[in-house]
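Per chain, numbering begins at 1; letters A, B, ... match sequence-line order. It should be emphasised that the depicted structure is a prediction, and the values quoted were computed from it without experimental measurement.
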Amino acid sequence: MVQRVDLMAELIKHPQASYLLRIRGESMRDAGIFDGDVVLVDRAITPRSGHVVIAVVENEFVCKTLQLRAGRIKLKAANPTYPDIVPKDSQTVEIWGVVVAAIKQFNA
Amino acid sequence: MFALVDGNNFYVSAERVFRPDLNGRPVVVLSNNDGCAIARSNEAKALGIKMGDPWFQIKHLEDEAGLVALSANFALYGDMSDRMMSLVAGLGHRQEIYSIDESFVDLTGIRGDMIRRSRLIRQRVLQWTGIPTCIGIGPTKTLAKLANHIAKTAERKLGIYPEQFNGHGQDGSIAQICHLGLLSEADRRTLFERTEVTEVWGVGPRIGKQLKDSGIATVQDLVRLDPVTVARRWSVVLERTVRELQGTPCIDLDHEPPAKQQIACTRSFGRPVTEQAELAQAITEFASRTAEKLRRHKQQASQILTFVRTSPFRRQDQQYSRSMVWPLVRPTQDTAVLVNAALEALKAIYRPGFNYAKAGVMLMDLVQEGFAQGELDWGEPSLPNDQNTKNRSRVMGAMDSLNTRYGRGTVKLASGGTEHARLNPTGMPASRWKMRQERRTPGYTTNWQELAVVKG
């Protein structure tokens, strides 16, 4: 049987691990994630270098591109006016989840 | 074998998923109307805060110890519970949801390394939902529950139990996961000797004191007793407990001790159910049974959770699982109100085209009868007035005695009848909820306007 495309099923691969969070700020603009967008986050995906992730830095959620090089973590902004985050040795960074989609709503 | 899986300090853990700043801090979640502590983080426990402590008595710890108090966010807990439960279901073939954060899983027919399997499930729940869990396994539900207590205690308080046990997984640790069936009799005795009798499922404070007064202080003291003597000297209920501790399963669904702070009724269907009408019938029955229990315990509920889900074991099926917490206008024990709320929730979460395998109803945020404060007129024309409420509770009382006398279901509500649809005493959106909830966190997973914010 042919069924209408199911947007939820297409986007959400792990329902129990999927969460929506709202972006505030422009640091990921060049990755296509703008202020006010809602991102779909999948915690079931193991984060890899190059993934856009939600990380917890100093008890705050931040959205950045994860870069893993020689065992060192860097959280890269996708906007030249924003600094990357390079955790110090004493700092722990938790990767909360992997961003799999961004939702933009237009005034219509 | 049974497993009992539960979320550690569940309400606090659910809050911490979206509030990383709460990690490492003492946190309590307050009941209905910000009355008393119904969940505590380990740090709050370390401050000496007890379950049920009234807020005004511990408020000073806000300034003195950095205590954070939150109003209960049942919509969040319901959603996180749903995620956790449907993952835990993968541990075995049959799952019985015992409360919002605990479920029994029947491990019959599951082969292989149970410690490894449990660890994988635990790890998955932690990664996917952020909720830490403990798993207890034993040949009876009472032993599984006890094993769960031991697993939790071993993790939280070092030094109470030995750290390693032969034959118990790779590292021999019983923290987080404890499987009594893998331990030698001597090792089990060691654990039982170091666990207080009041930690046994179904041994309440009253009977616990009686036991202690007769020199039965530890689980080991209780296990050693002769069940027949126990029945004669105490009760048939305690006899069943002793038999279960000795390894003979004898507590069925109807004789389970009630969960603290909640009343649940959930069932797996014998065959897949697809129609909303059929689910509504089941939900009506579940809500009615929880309402009966509520009245038996002289309590009232302020929130009702309804859930439906497909079976994770029918891999060919498309999976769906959803729950909804419905806040009630005021604490109630009225079957009609509770059934109505549960059916409204069902209407909201039901999706056609799925093979439903399980459904349930849970009452939460319970208060003692008569504890509910008199409130102002809510200006709700469709609400029954006080006289009505009084009459209704007499109807409920009559219903219970008829059902007790002539069997469950003798008298029941005709669900979906027009009368109830008109009455609609509960159809309150959350915004009408006027209880004091000054410290409630947003509906992170249940409200598009209240999603957690990320610095981009």
message: Out of A:A31, A:A77, A:A78, A:A17, return the one with the most heavy atom pairs under 4.5 angstrom to chain B.
response: A:A17
query: Where on A:I54 is there a heavy atom nearer than 4.5 Å to chain B: the side chain, the backbone, both, or neither?
result: side chain
field: Proximity breakdown for B:M80 and chain A, heavy-atom pairs closer than 4.5 Å
entry: side chain
message: Just verifying a value: how many Å separate B:L126 CG and B:S13 OG, rounded to the nearest 0.5 Å?
response: 9.5 Å
message: Please rank A:D35, A:D37, A:V38 by heavy-atom pairs under 4.5 Å with chain B and give me the top one.
response: A:V38
statement: Okay, A:Q105 and chain B: the region with an atom under 4.5 Å from a heavy atom over there is side chain
message: Which atoms of A:V57 are under 4.5 Å from chain B, going by heavy atoms: the side chain, the backbone, both sets, or neither?
response: neither
message: If I measure from the heavy atoms of chain A, does B:V17 come under 4.5 Å with its side chain, its backbone, both, or neither?
response: both
statement: Rounded to the nearest 0.5 Å, the CD atom of B:E155 sits from the CG atom of B:N42 at a distance of 7.5 Å
- line: Applying a strict 4.5 Å limit to non-hydrogen atoms, the region of B:F18 in contact with chain A is both
task: With B:R83 as the cation and B:W128 as the aromatic partner, state whether NZ or CZ is under 6.0 Å from the six-membered ring centre and within 45° of the axis.
output: no
message: Less than 3.5 Å apart, any donor N or O on the side chain of B:D82 or B:S321 sitting next to an acceptor on the other?
response: yes
query: So, is the end of the B:K358 side chain (NZ or CZ) under 6.0 Å from the ring centre of B:F307 and within 45° of the ring's axis?
result: no
- request: Heavy-atom distances under 4.5 Å only: say whether A:V56 touches chain B with side chain, backbone, both or neither.
  value: side chain
Parallel, tilted or perpendicular: ring planes of B:Y77 versus B:Y11, cut at 30 and 60 degrees: parallel
task: Measure from NZ or CZ of B:R19 to the centre of the six-membered ring of A:F61, then state whether that distance is under 6.0 Å and the direction lies within 45° of the axis.
output: no
query: Checking heavy atoms, do the side chain of B:S86, its backbone, both or neither come under 4.5 Å from chain A?
result: both
